[in-house]
Structure formats: C-alpha cells, structure tokens
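Values in this document were obtained by computation on a predicted structure and should not be read as measured data.
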Amino acid sequence: MAAGTLLATAACSSGDDGAAADAETAAATVAERPLAAQTATPSPTATGSVSATPSASATSSTTATPSPAATLSETGARNALITAADIEDDWVQVKDPQTWRDKLLIGQVDTAQFVTGKADAADCQRLVDALYDETLLGRPSGASALNGFQEGESRLLYQVAAYEKASLDKSMDWLAKLPDTCDQFTLTGGDSGKRTVQVVEASLPKEGDARQGLTVTIKGTTNGDPVTLTLDVAVVRVGNDAITVTNGGLDGADEDTTKTAVEQGTKRLKEVQAGRTPTPTPSNLD
C-alpha cells in the first residue's frame with residue numbers, strides 16, 4: 001500500500017508539472033506573436049455568426065466620391081430638349097431652326113441680317129455673332145441638339161449641349177460681364193445701317209449649378225422703318241452640360257416664357273443625366 005501510494009502521488013505530480021509546462025509554453029508562444037497575429041481570428045457576433053473588423057480599404061470604399069455623371073449622348077441631348085407643350089401658350093415647333101442664322105423673316109424684317117454687323121469691342125462682337133446661333137457658349141465638345149419655336153412675331157431657339165468644363169466656365173464668366181462691358185454699343189454694316197445695342201442683366205429661376213440671364217435690345221431701321229428687336233438670352237449650366245435659350249422678337253420678349261423654358265429644360269436635362277428618359281410631351285411640327 002505504501003508503495004502504491006507513492007507511485008500514485010508521483011504520477012499526479014508528474015501530470016501537473018506537464019500541464020503547467022504546456023501552459024507556460026503556449027503563453028510564451030502567444031506573447032512572441034505580433035499583435036496582428038494575435039487578433040486575426042474573428043470572434044463570434046451576438047447572433048453566432050462570425051464577423052471580422054473591416055479593413056481600412058473596405059471602409060474607404062464606402063465613402064469614396066461618386067463617379068461623375070455619364071457623358072451626354074446625342075440621344076440624351078435630344079431627349080432633354082423642350083417641346084411646345086413645355087412652354088405652352090401658342091408656340092409651334094419649327095423644322096429647321098439651324099437656318100435661322102442665315103435668314104429669319106419676322107414679318108417683313110430679316111432678323112438674321114438685322115443682328116449681323118460689326119462692333120468695336122471683341123466681347124460685343126462675339127455676342128451679336130452668336131445670337132440665333134449654336135455657339136453662344138462656344139463650340140460644344142460633345143453631343144448637341146437644337147429646337148426652334150415660333151409664336152406670332154416671336155422666335156425661341158433652344159439648345160442642349162455638352163462642353164469642356166474649363167471652356168464652359170469661361171463662357172459663363174464672359175456672359176456675366178456683358179452688362180458692364182457691352183451695356184451699350186453701336187452695330188454697323190449691312191443693309192440696316194447703324195443700330196444701337198443695349199445689354200442688361202435679367203433674373204432667372206435658381207436652376208442648375210450656375211445661370212446667367214441677359215436682355216438684349218437692338219434698335220435701328222429696315223427699309224426706312226424703325227425696328228426694335230428685343231431678345232432674352234438665358235444660360236443654365238448643369239455639370240458639364242448646359243441649356244441655352246434665345247427668346248424674343250419685334251414685339252418684345254416674354255419673360256415668363258423664358259423662365260418656363262429654363263425650369264422645364266433644366267428638369268429634363270437632369271433626368272437625362274440621371275439615366276432616365278423624360279416623360280414625352282406632345283409637339284406640333286409646322
């Protein structure tokens with residue numbers, strides 16, 4: 001019995017020493033690991049599923065800046081155009097507004113020729129050259145579409161186009177300065193003799209990222225008769241795209257129509273930029 005007791009005691013003592021030695025070895029191994037290696041194993045969540053702490057790259061990807069809007073396509077530019085239904089009243093859409101710069105008869109007055117002439121200042125010359133044209137903001141760098149409308153003695157030219165950002169910003173700055181640099185100047189040349197041109201700033205609805213409104217009045221004579229042509233010019237930038245409105249005639253410019261065109265046109269362009277097709281509106285071709 002004494003011998004058995006001694007053997008059992010020795011065995012227990014030997015087992016305790018081995019377990020203690022194993023524990024010490026494991027602790028030393030963990031202590032020697034880098035901190036990242038010690039915490040690499042994910043711990044169960046409250047629901048029992050396994051989750052890991054998000055990495056820095058995963059976190060940054062969730063807060064990354066959204067990619068820019070897709071480039072305006074030719075189809076998108078056409079879809080963004082307003083129709084006669086958008087501006088209401090008795091406006092009728094015409095077939096070939098691209099020809100207005102060459103010849104635009106309003107009553108007995110060739111308006112295209114009336115606004116063609118020479119100005120002393122380069123900024124003012126650029127303005128008169130671009131009236132009833134597609135280059136008020138410079139040449140588009142991408143897609144461009146145009147609509148024209150008529151109502152009595154008034155004409156409305158509407159354009160949607162994509163531009164290079166820096167060039168578009170410069171054009172917007174140029175327009176903003178015109179009421180100061182070209183507040184009044186003389187236009188010469190052509191069959192209409194001398195014409196007096198006045199440029200004043202006009203208010204627009206707060207649409208888009210930037211906007212500029214002008215009212216341009218040209219006074220002179222045609223065939224010996226006094227003529228006054230009044231035009232609203234409105235531009236709205238939405239990202240790198242812009243809408244341009246030239247509206248008016250011999251009876252003045254309807255400010256409400258200009259503002260409606262800006263509001264409806266900006267809405268349609270934003271729809272296109274978001275990848276949607278604006279709700280079709282009926283139009284009448286003349």
Side-chain angles (χ1 to χ4, degrees), residues 87 91 97 100-107 109-138 146-159 161 170-205 210-222 225-237 242-262 265:
I87 48 179
W91 290 96
W100 281 1
R101 184 62 201 179
D102 300 323
K103 192 171 185 65
L104 176 60
L105 287 176
I106 300 180
V109 178
D110 187 340
T111 307
Q113 290 300 315
F114 189 66
V115 301
T116 300
K118 181 175 176 55
D120 291 335
D123 283 345
C124 308
Q125 186 69 58
R126 177 181 172 184
L127 173 64
V128 295
D129 286 347
L131 293 175
Y132 290 120
D133 198 358
E134 301 173 52
T135 61
L136 186 68
L137 294 174
L146 194 71
N147 259 2
F149 307 89
Q150 67 179 32
E151 182 188 46
E153 299 289 276
S154 296
R155 302 291 183 271
L156 189 151
L157 189 68
Y158 187 93
Q159 182 184 17
K170 287 182 180 179
S171 294
M172 296 293 291
D173 289 342
W174 164 71
L175 284 171
K177 295 175 182 176
L178 287 179
D180 293 326
T181 59
C182 298
D183 58 334
Q184 182 166 311
F185 61 96
T186 300
L187 195 62
T188 60
D191 298 333
S192 300
K194 291 184 177 181
R195 284 137 287 165
T196 300
V197 184
Q198 292 180 316
V199 181
V200 298
E201 188 169 10
S203 63
L204 293 178
R211 66 211 64 82
Q212 183 60 52
L214 304 171
T215 298
V216 181
T217 304
I218 307 174
K219 295 182 178 181
T221 58
T222 297
D225 296 324
V227 172
T228 299
L229 176 67
T230 305
L231 298 173
D232 276 349
V233 177
V235 173
V236 177
R237 178 177 70 80
I243 63 174
T244 305
V245 182
T246 303
N247 167 43
L250 304 179
D251 292 335
D254 186 346
E255 182 180 339
D256 290 340
T257 296
T258 303
K259 291 182 176 180
T260 299
V262 164

Quiz item: Is any side-chain heavy atom of Asn147 closer than 4.5 Å to a side-chain heavy atom of Leu157?
Solution: no
Quiz item: With a 4.5 Å limit on heavy-atom distance, are the side chains of Val245 and Asp232 in contact?
Solution: no
Quiz prompt | Closest non-hydrogen atom pair between Arg195 and Gly220, with its separation | solution = CG-CA, 3.8 Å
Quiz prompt | Intermediate values then yes/no, side-chain contact (heavy atoms from CB on, under 4.5 Å), Glu201 and Gln212 | solution = CA-CA 8 Å; Glu201 188 169 10; Gln212 183 60 52; 3.6 Å; yes
Quiz item: Which pair of non-hydrogen atoms, one from Phe149 and one from Tyr158, has the smallest distance, and what is that distance?
Solution: CE1-CB, 4.4 Å
Self-check item: Arg155 side chain to Thr246 backbone, donor-acceptor under 3.5 Å
Solution: no
Self-check item: Minimum heavy-atom distance between Val236 and Arg211, given as atom pair plus value
Solution: CG2-CB, 4.1 Å
Quiz item: Which heavy-atom pair separates Thr228 from Lys219 by the least distance, and what is that distance?
Solution: OG1-CG, 3.7 Å
Quiz item: Taking the side chain from Arg101 and the backbone from Ala130, do they hold a donor-acceptor pair closer than 3.5 Å?
Solution: no
Exercise. Check for a donor-acceptor pair, side chain of Glu153 on one end and backbone N or O of Leu250 on the other, with a separation under 3.5 Å.
Key: no
Quiz item: Just checking, any donor-acceptor pair under 3.5 angstrom between side chains of Ser171 and Arg237?
Solution: no
Practice problem: Would you give the length of the straight line joining atom OG1 of Thr258 to atom CG of Leu214, rounded to the nearest 0.5 angstrom? | Solution: 11.5 Å
Quiz item: Is the side chain of Gln125 donor-acceptor paired with the backbone N or O of Gly117 at a distance under 3.5 Å, no angle test?
Solution: yes
Self-check item: Separation of Tyr132 OH from Thr111 OG1 (nearest 0.5 Å)
Solution: 5.5 Å
Quiz item: Got a second to check how far Leu175's CG is from Leu127's CG, nearest 0.5 Å?
Solution: 8.0 Å
Quiz prompt | pair Trp100-Leu131: side-chain heavy atoms closer than 4.5 Å | solution = no
Quiz item: Taking C-beta and beyond as the side chain, do Glu255 and Ser203 meet within less than 4.5 Å on heavy atoms?
Solution: yes
Exercise. Check the pair Val115, Val128 against side-chain contact (heavy atoms from CB on, under 4.5 Å), reporting the backbone distance first and the verdict last.
Key: CA-CA 6 Å; Val115 301; Val128 295; 5.6 Å; no
Self-check item: Closest non-hydrogen atom pair between Pro226 and Thr221, with its separation
Solution: CA-CG2, 4.1 Å
Exercise. Determine, step by step, whether Asp183 and Val199 satisfy the side-chain contact (heavy atoms from CB on, under 4.5 Å) criterion, reporting the C-alpha distance in whole Å, the side-chain angles of both residues, the deciding distance to 0.1 Å, and the verdict.
Key: CA-CA 5 Å; Asp183 58 334; Val199 181; 5.9 Å; no
Practice problem: Hey, could you give me the OG1/CG distance between Thr181 and Asp123, rounded to the nearest 0.5 Å? | Solution: 5.0 Å
Quiz item: Heavy atoms, side chains only, cut-off 4.5 Å: are Thr222 and Ser192 in contact?
Solution: yes
Self-check item: Euclidean distance, Cys124 SG relative to Asp129 CG, rounded to 0.5 Å
Solution: 11.0 Å
Quiz item: Measuring from Ile87:CD1 to Thr260:OG1, what's the distance to the nearest 0.5 Å?
Solution: 8.5 Å
Exercise. Search all heavy atoms of Ala112 against all heavy atoms of Leu104 and return the closest pair with its distance.
Key: CB-N, 3.7 Å
Practice problem: Carefully, step by step, assess Leu187 and Phe114 under the rule side-chain contact (heavy atoms from CB on, under 4.5 Å). | Solution: CA-CA 10 Å; Leu187 195 62; Phe114 189 66; over 6 Å; no
Quiz prompt | Polar side-chain atom of Asn247 near backbone of Ala253 as donor-acceptor pair, under 3.5 Å | solution = no
Quiz prompt | Minimum side-chain heavy-atom gap Asp120-Thr186 below 4.5 Å | solution = no
